Amino acid sequence: MHTEDTNALIEQRKAKLAALRARGIDPFADKFKPDIGCGEARSRFQDGSLAEGAPVAVAGRIVAHRDMGKSQFLDIKDYTGRVQIYAQKNVLGDTQFDVLKHIDLGDFIGARGTMFRTRAGEPSVRVESFVVLSKALRPPPGQWYGLAEPETRYRQRYLDLMVNDDVAHVFRQRSRIISAIRSFLESRGFIEVETPVMQAIAGGAAAKPFVTHHNALGCDFYLRISLELYLKRLLVGGFDRVFEIGRNFRNEGISRKHNPEFTMLEAYQAYGDYETMMELVESMVCHVAREVVGSLLIKHVDKEGQVVRQIDLTPPWRRVKYKELVRQRAGSDWFEIASEQRRQRAIELGADIEQCTEDYEVTQAVFEKLIEPTLIDPTFVTHAPKELIPLAKLSPDDPTTVEVFECCINGQEIAPAYTEQNDPIAQRERLEQQAGQERQKIDGDFLVALEHGMPPAGGMGMGIDRLCMMLLGQESIRDVILFPQLRPK
RNA sequence: GGGUUGGUAGCUCAGCGGUAGAGCAGCGGCCUUUUAAGCCGUUGGUCCAGGGUUCGAUCCCCUGCCAACCCA
């Protein structure tokens, strides 16, 4: 990034700014109220709802400039799209026409005029007057080749959005996805809440937290790693259907699938269970896909436009038990053989078990490495081993497993859900077991809340960023987060 | 943390052991229906940094920094 103001292009623009001011024009002072969007004016002229000669006032950023001498064409762009405006010397007069000499790509202008069609058939605004609304002192990235360098795209996302329309489209779609989720949950009687981001104990998941310090209280806080334990407190309080869409923070690596801060949806429904949540997740994702993508068939394409992956969201979604999937992939005797044999076989299969100390972790490594990436169409993987999930209820028909599912789509975990544990004594035991010696990690206040009585409930979480990747065909989480985490410059 | 690739003009990229190139943008000129406008002319560089090899390094070697991707 070039921040030194010694650049010649910047100097030239500053000189133009000074020239405008010398003429009594302050390019930042003018207010201008457009009465129609740029793209809107163009499309409405095309469909006939805006007639030849109709007066319009449009404003936008100059994205192209074709100087014909005594007339000029400029493309201006706003949120609705772009439109061509046509400035003629004999209409504007020498003085105003001359102002265009001090205009650059990237500047904002507002123009009044009338709609007409050029000889080439382009809907255009014949400019009768215009004002400079903002002078850009730095040049925009090239319009034709765009902006390709990933670092600049992420670090200066505004430039990426300015010139890469497909990128802007992804983020508008993301906004619509979150909006569709909200309206879906609200239509089912859920209320949206906000719970603390700074927590004395970061619970609800196994992840390394970020630490911060509160000066006045003289103590450290953690940025939350999940929303779960506070939303359950609200179930205790009588909010039977709650959800929160919020940022979680995990102090771990950065990858194609991981950003240190990411957006999570969690929803809890009293008197529901994990099967209730299956219906909820399936209906919600289908609702969002129909609303935003307009189809239950999601196509991912490469740079050449070739379809590289197709995801079929048509319900009902496949439901399969965790152990069943593992047996299919790793051998029908997987759970019968000795622990050492499992380890050996996991290595032969190519799973990475170097970090694994417990038996269930070996199985989980097989699942993560060899099974999860193959689950492209939506799959509810149910009945996970109880060791994996300490906040769920044991399954009555197989008490080595819990009443949960992990919804996998696009080869990624997208939504876990449980029949929530509401037995305070069993919950305390599970958490203490998990915490091992480190007693401080247990959220005692949460357990007190459970002791006051939590209704039976189903709960679900959903990684919004990964959902967006799946629905919008993006292969990196950085392409669905406006400002992904980067090393500070 | 490991591997791979890369860092050259505002943007996108070539190039190469012999004093740095293109397109676009910019600047000057011509042009009143262009749309990646066109035509003529032209400015612009710490070739990421440091060290080494060499008569000579943007290029080869080493180290470092930064980034992207993959793996952990």
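The shown structure was predicted, so the numbers you read here are calculated from the model rather than taken from an experiment. Protein chains get the first letters and strands the later ones, always in sequence-line order, with residue 1 at the start of each.
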Undergrad: Under a 4.5 Å cut-off applied to non-hydrogen side-chain atoms, are V285(A) and M470(A) in contact?
TA: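 Heavy-atom side-chain distance check passes, below 4.5 Å.
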
Undergrad: Classify F116(A) by what it touches in the nucleic acid, base, sugar-phosphate, or nothing, heavy-atom distance under 4.0 Å.
TA: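 If one applies the 4.0 Å heavy-atom cut-off, F116(A) turns out to touch a base.
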
Undergrad: Give a yes-or-no answer on whether the side chains of H300(A) and E475(A) include a donor-acceptor pair shorter than 3.5 Å.
TA: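 On atom types as modelled, these side chains qualify, holding a pair under 3.5 Å.
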
Undergrad: For the C1' atoms, the ones on rG3(B) and on rA22(B), what distance do you get once it is rounded to whole angstrom?
TA: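 Straight-line distance between the two C1' atoms is 34 Å.
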
Undergrad: Starting at the 5' end of RNA chain B and moving along, which residue's nearest nucleotide shows up first, P140(A) or F73(A)?
TA: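 The residue closer to the strand's 5' end, by nearest nucleotide, is P140(A).
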
Undergrad: Just how far, in rounded Å, is C1' of rU35(B) from NZ of K77(A)?
TA: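 It works out to 15 Å between those atoms.
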
Undergrad: Taking all atoms of both residues into account, what is the closest heavy-atom pair of R157(A) and F483(A), and its distance?
TA: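 Answer, listing the atom of R157(A) first, then F483(A): CB-CE2, 3.6 Å.
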
Undergrad: With both distances under 3.5 Å as the test, what is the Watson-Crick or G-U wobble partner of rC59(B)?
TA: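 Answer to the pairing question: none, since rC59(B) forms no Watson-Crick or G-U pair.
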
Undergrad: Is it the case that the base of rU33(B) and the side chain of S71(A) share a donor-acceptor contact (distance under 3.5 Å, atom types as modelled)?
TA: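 Side chain to base: no pair below 3.5 Å.
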
Undergrad: Under 3.5 Å, which protein N or O atoms sit close to an N or O of nucleotides 67-70 of chain B? Give each pair with its distance.
TA:
unit_1, atom_1, unit_2, atom_2, d
rA67(B), OP1, R487(A), NE, 3.3
rA67(B), OP2, R487(A), NE, 3.2
rA68(B), OP1, R478(A), NH1, 2.3
rA68(B), OP1, R478(A), NH2, 3.3
rC70(B), OP1, R256(A), NE, 3.2

Undergrad: Rounded to whole angstroms, how far apart are CZ on F97(A) and P on rC31(B)?
TA: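 Distance, rounded to whole Å: 11 Å.
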
Undergrad: So which nucleotide from rU32(B), rA72(B), rU34(B) ends up closest to the side chain of K70(A)?
TA: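 Output: rU32(B).
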
Undergrad: Just to confirm, is there a sub-4.0 Å distance from OP1 or OP2 of rU34(B) to any side-chain nitrogen or oxygen of R66(A)?
TA: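 No, outside the criterion.
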
Undergrad: Categorize D67(A) for me: base, sugar-phosphate, or nothing, with a 4.0 angstrom heavy-atom threshold over every strand shown.
TA: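 It contacts base atoms.
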
Undergrad: Before accepting this row, confirm whether a basic side-chain N of the pair R153(A)/D479(A) lies closer than 4.0 Å to the acidic partner's carboxylate O.
TA: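 Judged by the 4.0 Å cut-off on N to carboxylate O distance, R153(A) and D479(A) do form a salt bridge.
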
Undergrad: Let's test this: given Watson-Crick or G-U wobble pairing with both distances under 3.5 Å, identify the partner of rG23(B).
TA: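 Because both required distances fall under 3.5 Å, rG23(B) counts as paired with rC11(B).
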
Undergrad: Does the rU33(B) base have a donor-acceptor partner in the side chain of R119(A) within less than 3.5 Å?
TA: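 For R119(A), whose side chain was compared with the base of rU33(B), there is no donor-acceptor pair (under 3.5 Å).
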
Undergrad: Using whole Å, report how far CZ of R138(A) lies from P of rG26(B).
TA: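 After rounding, the reported distance stands at 17 Å.
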
Undergrad: Of all residues at least two apart in sequence or in a different chain, which pass the side-chain contact (heavy atoms from CB on, under 4.5 Å) check with L486(A)?
TA: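 By the side-chain contact (heavy atoms from CB on, under 4.5 Å) rule, L486(A) matches Y154(A), R155(A), R478(A).
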
Undergrad: Sequence neighbours left out, what passes side-chain contact (heavy atoms from CB on, under 4.5 Å) with Q306(A)? Give chain and number order.
TA: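 Q306(A) satisfies side-chain contact (heavy atoms from CB on, under 4.5 Å) with D302(A), E304(A) once adjacent residues are dropped.
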
Undergrad: Give me, pair by pair, the N or O atoms of the protein and of nucleotides 20-25 of chain B that are less than 3.5 Å apart, along with how far apart they are.
TA:
none

Undergrad: Taking the C1' atom in each of rU58(B) and rC16(B), what is the distance between them to the nearest angstrom?
TA: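 It comes out at 8 Å once rounded to the nearest Å.
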
Undergrad: Between rG44(B) and rG50(B), how far apart are the C1' atoms? Round to whole Å, please.
TA: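 Between the two C1' atoms, the distance is 27 Å.
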
Undergrad: On a whole-Å scale, what distance lies between the P atoms belonging to rC60(B) and rG45(B)?
TA: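 Nearest-Å result for rC60(B) against rG45(B) at atom P: 25 Å.
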
Undergrad: Below 4.5 Å, heavy atoms only, C-beta onward: do F130(A) and L100(A) meet side chain to side chain?
TA: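 Yes, close enough: below the 4.5 Å cut-off.
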
Undergrad: Hey, is the main chain of A330(A) close enough, under 3.5 Å, to the side chain of R345(A) for a donor-acceptor pair?
TA: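 Looks like yes, one N/O pair under 3.5 Å.
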
Undergrad: Does K369(A) make a side-chain N or O approach to OP1 or OP2 of rA72(B) shorter than 4.0 Å?
TA: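 K369(A) to rA72(B) OP1/OP2: side-chain N or O found under 4.0 Å.
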
Undergrad: Strictly below 4.0 Å: does K16(A) bring a side-chain N or O up to OP1 or OP2 of rC27(B)?
TA: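 So the side chain of K16(A) is within the cut-off, an N or O lying under 4.0 Å from OP1 or OP2 of rC27(B).
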
Undergrad: For nucleotides rA25(B) and rC62(B), find the distance between their P atoms and express it as a whole number of Å.
TA: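 Result for the P pair: 41 Å, nearest Å.
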
Undergrad: Roughly how many Å apart are rA9(B) and rC65(B), using the C1' atom of each and rounding to a whole number?
TA: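 My reading of the C1' atoms in rC65(B) and rA9(B) gives 22 Å.
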
Undergrad: Please name the nucleotide paired to rU33(B) by Watson-Crick or G-U wobble geometry with both distances under 3.5 Å, or report none.
TA: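 Pairing partner: none.
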
Undergrad: Evaluate whether atom OH of Y79(A) has more than 12 neighbouring non-hydrogen atoms of other residues, nucleotides or ligands under 6.0 angstrom away.
TA: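 Open: at most 12 neighbouring heavy atoms sit under 6.0 Å from OH of Y79(A).
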
Undergrad: Heavy-atom count around F97(A) CZ within 6.0 Å, excluding the residue itself: above 12?
TA: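 Buried by this count: over 12 neighbours within 6.0 Å.
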
Undergrad: Evaluate the side-chain hydrogen bond (donor to acceptor under 3.5 Å, both in side chains) criterion for residues K323(A) and T400(A): first the C-alpha distance (whole Å), next the side-chain angles of each, then the deciding distance (0.1 Å), finally the verdict.
TA: CA-CA 11 Å; K323(A) 286 185 175 176; T400(A) 69; 2.9 Å; yes

Undergrad: Below 3.5 Å is the cut-off: list the nitrogen or oxygen pairs between protein and nucleotides 39-47 of chain B, distance only.
TA:
none

Undergrad: Given the structure, check if the side chain of Q72(A) and the base of rU32(B) hold any donor-acceptor pair shorter than 3.5 Å.
TA: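 Looking at the base of rU32(B), it does not pair with any donor or acceptor on the side chain of Q72(A) (distance under 3.5 Å).
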
Undergrad: Q46(A) and R117(A): side chain to side chain contact (heavy atoms under 4.5 Å, CB included), yes or no, with the steps?
TA: CA-CA 9 Å; Q46(A) 288 285 47; R117(A) 191 180 294 278; 3.2 Å; yes

Undergrad: In whole Å, what separates the P atom of rC59(B) from that of rG2(B)?
TA: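 Between the two P atoms, the distance is 25 Å.
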
Undergrad: Want to settle it: does D104(A) or G69(A) sit nearer the 5' end of RNA chain B, counting the closest nucleotide to each?
TA: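 Result of the comparison: D104(A).
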
Undergrad: For this output row, return yes or no: ring centroids of Y274(A) and Y418(A) closer than 6.0 angstrom.
TA: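 No, they do not, as the ring centres are separated by 6.0 Å or more.
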
Undergrad: Distance between the C1' atoms of rG38(B) and rC24(B), in whole angstroms?
TA: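 Rounded to whole Å, the distance is 15 Å.
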
Undergrad: Excluding sequence neighbours, so at least two apart, what forms side-chain hydrogen bond (donor to acceptor under 3.5 Å, both in side chains) with R174(A)?
TA: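 Only T263(A), D465(A) meet the side-chain hydrogen bond (donor to acceptor under 3.5 Å, both in side chains) criterion with R174(A).
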
Undergrad: Which nucleotide, in any strand shown, forms a Watson-Crick or G-U wobble pair with rG28(B), with both distances under 3.5 Å?
TA: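 The answer is rC40(B), by the H-bond criterion.
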
Undergrad: For rU4(B), give the paired nucleotide (Watson-Crick: N1-N3 plus N6-O4 or O6-N4; G-U: N1-O2 and O6-N3; both under 3.5 Å), or none.
TA: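 Checking every strand shown, rU4(B) finds its partner in rA68(B), with both distances under 3.5 Å.
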
